[in-house]
Structures are given as C-alpha cells and as structure tokens.
Amino acid sequence: MHVEHHPLMKDFPEKLEQLHQLRQQDPKFARKAETYEALDKQICRVEDGVELLDDEALNALKIERVSLKDDIARDLKRTSGSCCGGCCG
C-alpha cells in the first residue's frame, strides 16, 4: 500500500517562498524543517513496509511530526506578521 508523504511544500503551498527564506536565514527553523521532513520520510517507509517499527513507536513518530508541523505553522504565521496563535487574539 502506498502512503502519501506530507512534505512542507505540499502542506503549505502558499508559503513556499517563506519556507525557503526561513530555511536559509533561520538555523533553528531549518533544523525543525529538516527534522520534520526526515520524520515524514521515516513514517512513510514504515507504512510502506520498507522499514519495521511497532505501532507504539510509529504513533510516537506521528505525534512528534504533528507537533513539529504545528511549531512550523506558528513560525510561518509569526514571520508573516500574523499572530503566532499563543495570545488567542
């Protein structure tokens, strides 16, 4: 069974330029994005049966991926001048 990847470019198509710029200018953001992409690839390898991992470990990776994606989305909002989501305003 083929599993679809969730690369940042696909999840945030309207933010491609901003993603590229942040990766170039912000080392912390670049590390987050690289970690996210690596987790996504690993999850897809497991779900495709290429790599073995038990369900509990796979779910932990998915939770980590979602958390990183949320952080990245907040970073994108903050750098675009939008609210970061932390103030509820």
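Judged by distance alone, the side chain of Asp54 and the main-chain N or O of Glu56 form a donor-acceptor pair under 3.5 Å.
Looking at residues two or more places apart in sequence or on another chain, you find a side-chain hydrogen bond (donor to acceptor under 3.5 Å, both in side chains) between Lys62 and Glu47. For Glu51, the side chain to side chain contact (heavy atoms under 4.5 Å, CB included) partners at least two apart in sequence or on another chain are Gln42, Arg45, Val46. Residues satisfying the side chain to side chain contact (heavy atoms under 4.5 Å, CB included) test with Asp70, not counting sequence neighbours, are Val66, Arg74.
Partner of Asp40 under the side-chain hydrogen bond (donor to acceptor under 3.5 Å, both in side chains) criterion, out of Arg65, His6, Lys10: Arg65 alone. Here the options are Lys32, Arg31, Arg23, the test is salt bridge (charged side-chain N to carboxylate O under 4.0 Å, His left out), and the partner is Glu37; only Arg23 passes.
Between Gln25 and Thr79 there is no side-chain heavy-atom pair separated by less than 4.5 Å. For the pair Phe12 and Lys69, the minimum side-chain heavy-atom distance is below 4.5 Å. Under the 4.5 Å side-chain criterion, counting only non-hydrogen atoms from C-beta, Ile72 is not in contact with Asp11.
The two residues Ser80 and Lys15 have their closest heavy-atom pair at OG-NZ, 3.9 Å. Of all the heavy atoms in Ile43 and Leu58, the pair that sits closest is CG2-CD1, 4.1 Å.
We find the CG-NE2 distance between Leu8 and His20 to be 14.0 Å, quoted to the nearest 0.5 Å. Residue Gln21 holds its CD atom at 11.0 Å from CG of Leu76, rounded to the nearest 0.5 Å. Atom OH of Tyr36 sits about 12.0 Å away from atom NZ of Lys41, to the nearest 0.5 Å.
The 12-atom threshold is not exceeded at CD of Glu17, counting heavy atoms of other residues, nucleotides or ligands nearer than 6.0 Å.
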Could you go step by step and tell me if Asp75 and Asp26 meet the side chain to side chain contact (heavy atoms under 4.5 Å, CB included) rule? CA-CA 11 Å; Asp75 290 344; Asp26 183 346; 5.8 Å; no
